[in-house]
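Below: the structure, in structure tokens.
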Amino acid sequence: QQPVQSPQAVILREGEDAVINCSSSKALYSVHWYRQKHGEAPVFLMILLKGGEQMRHEKISASFNEKKQQSSLYLTASQLSYSGTYFCGTEGYAGGTSYGKLTFGQGTILTVHP
Amino acid sequence: DVKVTQSSRYLVKRTGEKVFLECVQDMDHENMFWYRQDPGLGLRLIYFSYDVKMKEKGDIPEGYSVSREKKERFSLILESASTNQTSMYLCASLGGVREQFFGPGTRLTVL
């Protein structure tokens with residue numbers, strides 16, 4: 001079952017902050033975040049592991065609440081280059097190796113205006 | 001830099017045709033994945049492979065098959081293309097820090 005992302009879309013002006021949430025109904029081992037710019041391939045931002053620390057990528061950070069099976073992506077002082085679609089990918093427990101298999105959310109479209 | 005390439009950016013096929021989508025990675029990665037991407041549905045896993053000749057079904061394998069004869073190459077096969085398989089197809093390989101490296105995608109239209 002796919003994780004649910006919210007909101008579906010966000011419109012910001014440069015310098016504003018945003019939060020994107022990712023919620024799963026399954027117990028999670030890790031949460032991954034990717035960004036896809038229009039017409040391009042998704043690009044890895046960061047991975048959050050169970051029991052791990054909050055991660056950062058430039059001015060983008062993320063947290064992982066294992067008990068609630070939720071992750072949040074925080075975009076601080078947004079730049080024009082942050083525009084794109086953000087996907088969370090969740091990795092559950094498979095009783096062995098998951099082979100890095102991810103289940104992706106439906107995506108959140110972020111638009112940053114000057 | 002890791003490079004994942006896909007054989008075509010755009011492809012137009014007719015209903016019932018057999019379609020091959022090819023993906024090649026140059027980083028000696030063990031695991032490779034095929035996804036389809038549709039608006040509002042995100043990326044959905046079709047098949048993945050964790051070694052040469054080893055494959056497993058993903059979440060939406062119906063109507064698809066795969067082939068991995070060499071480590072660097074992972075092919076997606078549509079045995080008999082249908083209009084509901086019109087989509088963007090993305091291939092990825094798994095790096096050492098568990099990040100997936102994606103190819104540029106193939107936009108397939110089935111008429």
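Just so we're on the same page: letters track the sequence lines, and every chain starts at 1.
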I'd like to know if [Y] and [X] are part of one continuous hydrophobic network [Ile/Leu/Val/Met/Phe/Trp/Tyr, side-chain heavy atoms within less than 4.5 Å].
X     : Y     : result
A/L48 : A/L73 : yes
A/L12 : A/L75 : yes
B/M54 : B/W34 : no
B/L90 : B/L11 : no
A/L80 : A/Y82 : yes

Nearest heavy-atom pair of [X] and [Y]: which atoms, and what distance?
X      : Y      : answer
B/G103 : A/A41  : O-CB, 3.1 Å
B/F33  : A/G100 : CZ-O, 3.8 Å
A/F87  : B/Q37  : CZ-NE2, 3.4 Å

Worksheet item: Heavy-atom count around A/K59 NZ within 6.0 Å, excluding the residue itself: above 12?
Response: no
Practice prompt. Under 4.5 Å heavy-atom distance to chain B, tell me which part of A/L45 shows up: side chain, backbone, both or neither.
Written response: neither
Worksheet item: Quick one: what part of A/Q8 sits under 4.5 Å from any heavy atom of chain B, side chain, backbone, both or neither?
Response: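 When you check distances to chain B, no heavy atom of A/Q8 falls under 4.5 Å.
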Any non-hydrogen side-chain atom of [X] less than 4.5 Å from a side-chain atom of [Y]?
X      : Y      : value
B/Q100 : A/H32  : no
A/F104 : B/Y35  : yes
B/L45  : A/T103 : no

Worksheet entry | B/R44 CZ to A/Q106 CD distance, which is reported to the nearest 0.5 Å | 12.0 Å
Discussion item. To the nearest 0.5 Å, what is the distance between CD on A/Q36 and CZ on B/F102?
Written reply: 8.5 Å
Contacting region of [X] [heavy-atom separation from chain A under 4.5 Å]:
X      : result
B/L94  : side chain
B/R107 : neither
B/E30  : neither

Worksheet item: Hydrophobic clusters join Ile, Leu, Val, Met, Phe, Trp and Tyr when side-chain heavy atoms are under 4.5 Å apart, directly or via other members; which others share one with B/F20?
Response: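 Besides B/F20, the cluster holds B/I77.
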Discussion item. Test your reading of the model: is there a side-chain donor-acceptor pair from A/Q2 to the backbone of B/L41, 3.5 Å cut-off?
Written reply: yes
